[in-house]
Amino acid sequence: MAPAFAGAYPVAMPYGENDPGRRLPEHPPPARNVLGGALLPCSVAPLTGFLRDGCCNTGPEDLGLHVVCAEVTADFLRFSRMCGNDLSTPRPEYRFAGLKPGDRWCLCAARWEEARLAGHAPPVLLEATHEAALAVIRLPDLRAHALDPV
């Protein structure tokens, strides 16, 4: 025998505003930077970030951990190209115009650390670098390359 609501969705009982079973929408906490403060924007021209929101935000889909806000240099761009990641060439299919020295960009934490160890790390903006970078990079190393020493 089929249930009484077969072929239709069961109707939920309405709850009042003060119902203890009512759940409010959950919002993630604000993103934090490596200094513990609110994450500041990195760049909107060019528009950066894994989410292309101008900030070095991250999430489960960001396998590269694009969380280091750096002001790229010609030296770093050459190093990155030599390592197989050409950041200078436009890639419109990814909404990427290509970078030039002086642009600010959310870099992968591991690539920035690789560049640091090789002597090619670009300067970083600490207040725009996501705290997730600390899983890969030591804070003293970031501070040593800071544009915004605090």
Side-chain angles (χ1 to χ4, degrees), residues 9-10 12 14-150:
Y9 293 100
Y15 291 106
E17 284 291 313
N18 297 321
D19 182 2
R22 184 170 185 265
R23 291 189 173 186
L24 297 175
E26 293 185 27
H27 299 284
R32 311 301 300 168
N33 65 43
V34 294
L35 301 174
L39 183 67
L40 298 183
C42 181
S43 175
V44 294
L47 186 59
T48 191
F50 179 76
L51 303 173
R52 292 298 189 265
D53 62 357
C55 294
C56 296
N57 284 308
T58 190
E61 307 84 23
D62 182 11
L63 301 180
L65 203 58
H66 297 78
V67 294
V68 177
C69 180
E71 189 170 289
V72 298
T73 61
D75 179 56
F76 172 77
L77 291 171
R78 274 191 302 277
F79 173 78
S80 188
R81 186 173 43 253
M82 286 180 6
C83 292
N85 187 16
D86 180 2
L87 295 172
S88 303
T89 301
R91 299 289 305 267
E93 66 272 27
Y94 298 115
R95 296 184 293 160
F96 180 67
L99 300 177
K100 61 187 181 313
D103 285 342
R104 292 182 176 177
W105 196 250
C106 295
L107 299 176
C108 294
R111 176 52 49 91
W112 187 89
E113 179 65 0
E114 179 184 22
R116 183 190 70 80
L117 292 171
H120 302 284
V124 299
L125 285 87
L126 298 173
E127 293 184 310
T129 296
H130 195 284
E131 67 183 350
L134 299 175
V136 178
I137 306 164
R138 295 178 333 120
L139 183 56
D141 293 330
L142 288 167
R143 284 185 186 274
H145 292 82
L147 281 171
D148 56 345
V150 281

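Quick caveat, the model's predicted, so the values are computed rather than measured. Any value given below was found using the heavy atoms of this structure, including those in side chains, with hydrogens, waters and symmetry copies removed.
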When you compare the side chain of [Y] with that of [X], does any pair of heavy atoms fall below 4.5 Å?
| X | Y | value |
| --- | --- | --- |
| Glu114 | Val136 | no |
| Asp103 | Pro46 | yes |
| Leu142 | Leu134 | yes |
| Val67 | Thr129 | no |

key: Exam field: side chain Asn33 to backbone Ala38, donor-acceptor pair closer than 3.5 Å   =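 Here the side-chain-to-backbone pair exists.
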side-chain contact (heavy atoms from CB on, under 4.5 Å) partner of Val124, chosen from Val34, Asp141, Val68 =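 When side-chain contact (heavy atoms from CB on, under 4.5 Å) is applied between Val124 and each of Val34, Asp141, Val68, only Val68 qualifies.
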task = Go through the steps for Leu35 and Glu127 under the test side-chain contact (heavy atoms from CB on, under 4.5 Å), then give the verdict.
result = CA-CA 7 Å; Leu35 301 174; Glu127 293 184 310; 4.0 Å; yes
Once you round to the nearest 0.5 Å, how far does [atom1] of [X] lie from [atom2] of [Y]?
| X | Y | atom1 | atom2 | value |
| --- | --- | --- | --- | --- |
| Leu87 | Asn85 | CG | CG | 4.0 Å |
| Glu71 | Ser43 | CD | OG | 10.0 Å |
| Leu47 | Asp53 | CG | CG | 7.5 Å |
| Cys108 | Leu65 | SG | CG | 7.5 Å |
| Leu126 | Leu40 | CG | CG | 10.5 Å |
| Thr73 | Arg78 | OG1 | CZ | 7.5 Å |

inquiry  = side-chain contact (heavy atoms from CB on, under 4.5 Å), that's the test. Do Arg104 and Leu125 meet it? Break it down for me.
reply    = CA-CA 9 Å; Arg104 292 182 176 177; Leu125 285 87; 3.1 Å; yes
request  = Indicate, with yes or no, if the rings of Trp105 and His66 have centres closer together than 6.0 Å.
outcome  =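 No: the rings miss the under 6.0 Å criterion.
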Provide the closest heavy-atom pair for [X] versus [Y] in the form atom of the first, atom of the second, distance.
| X | Y | value |
| --- | --- | --- |
| Asp62 | Thr58 | OD2-OG1, 2.9 Å |
| Ala128 | Cys42 | CB-CA, 4.1 Å |
| Glu113 | Ile137 | OE1-CG2, 3.8 Å |
| Pro41 | Cys55 | CA-SG, 3.6 Å |

message = Can you classify the ring geometry of His145 versus Trp112 as parallel (below 30°), tilted (30 to 60°) or perpendicular (above 60°)?
response =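 Because their plane-to-plane angle is over 60°, the rings of His145 and Trp112 count as perpendicular.
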task = Decide, based on the SG atoms alone, whether Cys106 and Cys69 are under 2.5 Å apart.
result =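 Cys106 does not pair with Cys69 as a disulfide (SG atoms not under 2.5 Å apart), so no.
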CA sep, side-chain torsions, deciding dist, call: Phe76, Arg111, side-chain contact (heavy atoms from CB on, under 4.5 Å) = CA-CA 10 Å; Phe76 172 77; Arg111 176 52 49 91; 4.1 Å; yes
